[in-house]
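All residue numbers refer to positions in the sequence shown, counting from 1. Here the structure is a predicted model, which means the values were calculated and not measured. Indexing begins at 1, ligand by ligand and atom by atom, following the structure's order. Hydrogens, waters and symmetry mates are skipped; everything else that's a heavy atom, side chains included, is used.
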Amino acid sequence: MEINKKRFRDFDSYMKLKFNKKIIKLPLDGGFTCPNRDGRLSSDGCIFCSESGSGEWTYGKKSLHNQIVYQKARLSKAGRDEAYLAYFQNFTNTYGPIDKLRKIYYGVLEEENIIGLAIATRADCLNDEVLDLLEELSKKTFLIVELGMQSVNDRTLKLINRGYDHGDFDSGIRKLHTRKIKTLVHLIIGLPYENIDDYKKAINYINEIRPWGIKIHNLYIEKDTRLEKFYRDNDLSYDMTEDFYVDTIVEILTHLDKDIVINRLTGDGLRDAIAYPSRAKNKGKILTKIDKMLKEKDLRQGDLWKEN
Ligand code: SF4
């Protein structure tokens, strides 16, 4: 079986080695909301949150079975040996009655060729009942819990209105790790007023806490969003160049623990919705540049990482 020849531990290769076939994540809408959107913490949401609760690739509020059928048809390749991970992507997928959570998580595992679950949520939405259920699931299936860290800088977290500070994030992820549940941390490069020092702090933290995986997103600004308004109101211009982004990703990868699985190295927004920068619409080009720089400089994930 062909394994991608990446210079970092990529998700695709990890899953191919583990399951002996191509594993595709099916983005699903579990019909949740978010405490940062329903008024419990705020009605505004995180500054970059879209109408769909950061789930641009889901298929709306259809039955989970229909969503799975739709996503399989969209993402499958005829003749390829493949299976699927049910990915509860948008809003906060542990924010609901425990009976509902149990029903939908176990329900999708009954669908054909679903080998596990990826559940995106907030680190402040992990009560003991939820943790018990996640631990139970992690013993029965392949489970990843995805957490939107975005930054370790509390000033930034306030600015983006995430609704809880880094200390709360740390406490949530540690609860998952105590129960041996795989976690995946999201990090954004390019948030307003952040610089390379913030990214280094984030990577040091990630190396210390050791999630199973990370996703790195380049900040892009969608049309008619609060983020676009924030840039306008504060007279900010979007000044992160493609070269800076590529350099930063290479810096991050070389300083990252070799075992951490890289699930994403750039954002994945809808082309028509992106206002700035237009290059964010060309994900493939950015990824090619990252691969090229790693090869030219003969660098790999973890080359400059020192285990404590
Ligand atoms: S936590 Fe997620 S769903 Fe909630 S407001 Fe932030 S981005 Fe949106």
Side-chain angles (χ1 to χ4, degrees), residues 25 27-61 67 86-97 100-101 104 117-127 130 134 144-173 175-176 183-192 194 202 211 213-231 263-264 266-270 273-275 280:
K25 274 173 111 169
L28 303 176
D29 183 332
F32 293 94
T33 178
C34 170
N36 209 17
R37 295 278 298 260
D38 71 358
R40 190 164 76 87
L41 293 172
S42 150
S43 304
D44 294 332
C46 301
I47 198 167
F48 49 78
C49 189
S50 61
E51 270 319 294
S52 61
S54 295
E56 277 60 41
W57 300 101
T58 55
Y59 183 46
K61 310 237 174 266
Q67 290 185 53
Y87 174 28
F88 289 99
Q89 183 184 29
N90 54 343
F91 293 103
T92 300
N93 293 285
T94 58
Y95 184 54
K100 171 182 172 175
L101 302 183
I104 68 163
L117 295 167
I119 299 172
T121 190
R122 294 166 58 93
D124 63 345
C125 288
L126 296 167
N127 63 33
V130 167
L134 294 175
I144 306 165
V145 176
E146 301 200 12
L147 300 172
M149 181 177 82
Q150 324 306 8
S151 167
V152 294
N153 182 333
D154 276 333
R155 220 182 47 203
T156 306
L157 296 174
K158 233 185 193 131
L159 183 150
I160 66 172
N161 193 42
R162 193 185 65 176
Y164 61 107
D165 65 16
H166 182 61
D168 290 338
F169 178 89
D170 184 61
S171 143
I173 195 168
K175 285 180 195 162
L176 292 163
T183 59
L184 191 163
V185 169
H186 290 233
L187 174 68
I188 300 178
I189 303 299
L191 286 168
E194 290 217 329
I214 62 168
K215 273 186 184 174
I216 306 177
H217 306 256
N218 50 330
L219 184 77
Y220 53 82
I221 302 171
E222 293 193 337
K223 294 169 195 161
D224 303 321
T225 57
R226 285 173 53 237
L227 188 55
E228 190 184 33
K229 185 172 179 315
F230 179 86
Y231 268 71
N263 285 244
R264 175 179 287 286
T266 179
D268 200 11
L270 293 175
I274 296 174

Pull out every atom of ligand 1 sitting under 4.0 Å from any heavy atom of [X], numbered as shown with elements.
X: Phe91; answer: 3 (S)
X: Gly45; answer: 5 (S)
X: Arg122; answer: 1 (S)
X: Cys34; answer: 1 (S), 3 (S), 4 (Fe), 5 (S)
X: Asn36; answer: 5 (S)

Item to complete: Examine the proximity of ligand 1 to Cys46 and report which part, side chain or backbone, both or neither, has a heavy atom under 4.0 Å away.
Response: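 For Cys46, backbone and side-chain atoms both sit under 4.0 Å from ligand 1.
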Worksheet item: For ligand 1, does Arg162 get within less than 4.0 Å through its side chain, its backbone, both, or neither, judged by non-hydrogen atoms?
Response: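 Looking at Arg162 and ligand 1, no heavy atom falls under 4.0 Å.
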Worksheet item: Roughly how far apart are Leu134 CG and Thr94 OG1, rounded to 0.5 Å?
Response: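 Rounded to the nearest 0.5 Å, the CG-OG1 separation comes out at 7.0 Å.
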Worksheet item: Is Arg264 salt-bridged to Glu146, going by a charged N under 4.0 Å from an acidic O?
Response: no
Fill in: Asp124/Arg122 ion pair, N-O < 4.0 Å
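Looking at Asp124 and Arg122, the cut-off is met.
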Worksheet item: Is it true that the NZ or CZ of Arg162 lies under 6.0 Å from the centre of Tyr164's six-membered ring and within 45 degrees of the ring axis?
Response: yes
Worksheet, complete the sentence: Result for side-chain contact (heavy atoms from CB on, under 4.5 Å) between Ile119 and one of Thr92, Asn93, Leu147 points to Asn93
Discussion item. Tell me whether Lys229 at atom NZ has more than 12 heavy atoms from other residues, nucleotides or ligands lying less than 6.0 Å away.
Written reply: no
Practice prompt. Give a yes/no answer: is there an N/O/S atom of Cys49 under 2.8 Å from atom 8 (Fe) of ligand 1?
Written response: yes
